[in-house]
Amino acid sequence: MKQTKITKAARGQRCTLKLDQCIKNNETTVFCHLNNGGMGAKSKDSDGKDVGFFGCRYCHDVYDGRITHPWYKPEFVDEMVEFAVRSTDKKLKAMGLK
């Protein structure tokens with residue numbers, strides 16, 4: 001997959017999802033696309049920009065379902081993701097990428 005400026009911007013950023021076992025060292029942070037893009041498709045906004053949040057390996061795995069958290073319901077994670085997307089959008093705008 002070709003990386004965009006937005007996906008590259010995640011390097012070194014803090015995770016914006018911030019679940020309880022979030023990895024704080026910023027080394028595992030990637031741009032996590034929203035899961036509504038369809039199989040293999042990445043979510044984009046109306047301008048063709050990536051839609052998602054900065055996430056550490058742990059938070060990304062919980063969001064994608066690779067890790068089942070003992071008490072987080074999917075609805076709770078989805079609600080937290082909404083906040084993370086808003087926070088990430090603010091950071092991307094400050095970087096001049098949105």
Side-chain angles (χ1 to χ4, degrees):
M1 180 182 118
K2 182 182 174 200
Q3 286 194 327
T4 65
K5 289 180 182 180
I6 291 176
T7 56
K8 288 178 185 178
R11 291 187 202 135
Q13 296 294 321
R14 288 198 160 183
C15 178
T16 54
L17 189 52
K18 303 178 205 165
L19 299 177
D20 65 336
Q21 296 179 38
C22 184
I23 300 168
K24 306 283 190 231
N25 66 13
N26 305 351
E27 292 175 11
T28 65
T29 304
V30 295
F31 188 81
C32 308
H33 289 85
L34 293 188
N35 289 338
N36 59 2
M39 186 62 118
K42 303 298 182 187
S43 296
K44 307 264 185 200
D45 66 13
S46 60
D47 294 327
K49 305 252 187 203
D50 293 310
V51 177
F53 59 94
F54 296 147
C56 69
R57 184 185 73 244
Y58 174 78
C59 291
H60 193 192
D61 285 348
V62 170
Y63 177 62
D64 281 348
R66 290 184 291 270
I67 294 176
T68 303
H69 195 281
W71 64 80
Y72 288 166
K73 302 268 189 252
E75 304 83 36
F76 172 77
V77 174
D78 289 343
E79 190 173 324
M80 295 296 294
V81 166
E82 287 181 37
F83 289 104
V85 168
R86 282 189 222 136
S87 175
T88 301
D89 277 349
K90 288 178 187 175
K91 289 181 180 201
L92 291 170
K93 285 176 184 168
M95 295 174 177
L97 298 174
K98 277 228 172 180

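Note that the structure is predicted; figures quoted are calculated from it, not measured.
- Here salt bridge (charged side-chain N to carboxylate O under 4.0 Å, His left out) pairs that include residues 9-35, with residues two or more places apart or in two chains, number zero.
- For the residue pair Asp50 and His33, the shortest heavy atom distance occurs at OD1-NE2, 3.0 Å.
- Rounded to the nearest 0.5 angstrom, Asn25 CG and Cys56 SG are separated by 8.5 Å.
- Partners of Glu82 under the side-chain contact (heavy atoms from CB on, under 4.5 Å) rule, at least two apart in sequence or in another chain, are Arg86.
- Legend: residues meeting side-chain contact (heavy atoms from CB on, under 4.5 Å) with Val77, ordered by chain and number and at least two apart, are Val62, Tyr63, Tyr72, Val81.
- Interatomic distance, Leu97 CG to Thr7 OG1, rounded to the nearest 0.5 Å: 10.0 Å.
- Applying the ring pair (Phe, Tyr, Trp, His ring centres under 6.0 Å) test to residues at least two apart or on different chains, none of the pairs has a partner in residues 77-98.
- Within the 4.5 Å cutoff, the side chain of Phe54 has heavy atoms near those of the Leu92 side chain.
- Looking at residues two or more places apart in sequence or on another chain, you find a side-chain contact (heavy atoms from CB on, under 4.5 Å) between Cys32 and Val30, Phe53, His60.
- The two residues Ile23 and Arg57 come nearest to each other via the heavy atoms CD1-NH2, 3.6 Å.
- Going from atom OG1 of Thr88 over to atom CE of Met95 covers 9.0 Å, rounded to the nearest 0.5 Å.
- Contact check for Leu19 versus His69: no side-chain heavy atoms found under the 4.5 Å cut-off.
- For residues 58-77, every residue pair satisfying the salt bridge (charged side-chain N to carboxylate O under 4.0 Å, His left out) rule, not counting sequence neighbours, is listed here: Asp61-Arg66, Asp64-Arg66.
- Of all non-hydrogen atoms in Gly55 and Cys15, the two that sit nearest each other are CA-SG, 3.7 Å.
- Minimum interatomic distance between Thr29 and Gln13 (heavy atoms only, all atoms of both residues): OG1-O, 2.8 Å.
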